[in-house]
Asker: 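Okay, here's the structure, questions in a sec.
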Number of protein chains: 2
Amino acid sequence: MTKAALRTFDEAGLLDTAARLFRQKGFAATTLREIAQAAGVLPGSIHYRYPAKEALLVALMDRAIERAIAAVQTAADQTSDPTERVRLGLRAHLQLLLSGDDGVYVLLYDWRSLAGRAREEIVRLRDRYEAFWDGMLYEAAGAGRLRPGVDLKLVRLFGFGAVNWVATWYSPGGDRTPEQIADVFWSYMALGLLSDDQRHDAAPTNLSVPEPPSPSPKEGR
Amino acid sequence: MTKAALRTFDEAGLLDTAARLFRQKGFAATTLREIAQAAGVLPGSIHYRYPAKEALLVALMDRAIERAIAAVQTAADQTSDPTERVRLGLRAHLQLLLSGDDGVYVLLYDWRSLAGRAREEIVRLRDRYEAFWDGMLYEAAGAGRLRPGVDLKLVRLFGFGAVNWVATWYSPGGDRTPEQIADVFWSYMALGLLSDDQRHDAAPTNLSVPEPPSPSPKEGR
DNA sequence: CAATCTGTTGGTCGCATGACCAAGGCAGCA
DNA sequence: TGCTGCCTTGGTCATGCGACCAACAGATTG
């Protein structure tokens, strides 16, 4: 322990505690006093660092998204194969989400609690993460690994949905590890569910079913 | 206007309003007074019907899940082909979720706000819905349409995740209708993303058992 | 008409909340 | 040793909450 460690307020511990409570009860239903008590500090001490409850949430989410980007980046960088990079990234994302890091969960499910500027800030961070994923998918597609016509943005959106939802039903005592879950999802998504003798007539060959890529005048989101 | 219409309290309208607000701001952050004002009734009138705020949420969710089951059932029953039933059911689920029926959204994302008995009740209802889906998937698998070894429960979980997550990013002005989104997801999931010349060596043939292939020497964290 | 039943009205109540702050202590530096 | 600035302490404050209810209105029924 350095001298600094003695002087330094356990900010990480506070955020961890807050994340845990926010996850359990939701942001609005969690009181500052609860957080303070659980973290072993006084409410005033929290106020000293975070002028408002919302600031705590933002700090929490900020940290979580940095962690997520770093984890996925590191995992993906272990290979140069574009398809493998996606699979490893997926694994890392799920591992982090299920590792007990409540911050990521809160980031995913509690952003509705934010409004105004704080919301925009988080959305901006989230967009960065999404753009990062889009990049990986784009490279996999560019390497000719994916069917032509696949809408990468939709793939990312579907993938995020399926994977993020896991946090909703996963239990550590279950019969599958996070890594296994990630790999199973990856294999289903990559190969499809239909058996080989069914696949030719089950769906249109062109997977980009609706004509999408024309930028519409009506902007989305 | 029948006599009954005059006498009958607009319970549906109340629940709709409550659902809209819960979706926008979350359950805990929405006050009874807000709901009352938005619905054009007095707070006391709500209390007359629902002894506690939580009861409102439960009633809302109850109604939503009944709607969902009915919608999916109806859609699926339009064909007897097991695979088609799944596709049509998926469509119906997404249509309902994106139709502006905030109740379904609230059901999916706000169940954390419930505790104790109320929570159990909703979980029980949800389980019924899930069992219903499992039945459809089981029949599709039984008809030999799916690859052997596919874990149906995981398929359902992944599918729910991807589809439910759509509510998070969908905007009515976008360039895809709910039906198109459902169909695209279905085609990706059914056929897979990999191009035909890649699929043989990209993943294990047996989709059921993950067992980390350990291509990565460094196991991340 | 009288009795009843359904639903509304306009409050009140106690309480927990988020925000805030003056005063004090204590480590590190001069 | 005395000073300085960071951080904590133990509160206060106004606000708005969910829950609750006695009284009442109007339609329905006998």
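Convention: sequence-line order gives letters A, B, ...; per-chain numbering from 1. Every value quoted in this text rests on a predicted model; they were computed, and no experiment measured them.
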Asker: Determine the minimum heavy-atom distance between Arg85(B) and Ala76(B), stating which atoms define it.
Answerer: NH1-O, 3.2 Å
Asker: When you measure from the centre of the six-membered ring of Trp111(A), is the NZ or CZ of Arg126(A) under 6.0 Å away and within 45° of the axis?
Answerer: yes
Asker: With heavy-atom distances below 4.5 Å as the criterion, would you say the side chains of Val104(A) and Ile65(A) are in contact?
Answerer: no
Asker: Take atom CG of Leu42(B) and atom P of dC20(D), then tell me their distance rounded to the nearest Å.
Answerer: 18 Å
Asker: Between dC20(D) atom P and Arg49(B) atom CZ, what is the distance in whole Å?
Answerer: 17 Å
Asker: Can you tell me how far P of dT9(C) sits from CD of Gln37(B), to the nearest Å?
Answerer: 14 Å
Asker: Report, one pair per line, the protein and nucleotides 18-23 of chain C atoms (nitrogen or oxygen only) whose separation is under 3.5 Å.
Answerer:
{"residue": "dG18(C)", "atom": "OP1", "partner": "Thr30(A)", "partner atom": "O", "Å": "3.4"}
{"residue": "dG18(C)", "atom": "OP1", "partner": "Lys53(A)", "partner atom": "NZ", "Å": "3.0"}
{"residue": "dG18(C)", "atom": "OP2", "partner": "Leu32(A)", "partner atom": "N", "Å": "3.0"}
{"residue": "dG18(C)", "atom": "N7", "partner": "Arg33(A)", "partner atom": "NH2", "Å": "2.6"}
{"residue": "dG18(C)", "atom": "O6", "partner": "Arg33(A)", "partner atom": "NH2", "Å": "2.8"}
{"residue": "dA19(C)", "atom": "OP2", "partner": "Lys53(A)", "partner atom": "N", "Å": "3.0"}

Asker: Please name the residue in the list Arg63(B), Arg20(B), Arg67(B), Arg23(B) that meets the side-chain hydrogen bond (donor to acceptor under 3.5 Å, both in side chains) test with Asp101(B).
Answerer: Arg67(B)
Asker: Rounded to whole Å, please give me the gap between OH in Tyr48(B) and C1' in dG10(C).
Answerer: 17 Å
Asker: Taking all atoms of both residues into account, what is the closest heavy-atom pair of Leu94(B) and Ala182(B), and its distance?
Answerer: CD1-N, 3.7 Å
Asker: Trp165(B) and Tyr109(A): aromatic ring centres closer than 6.0 Å?
Answerer: yes
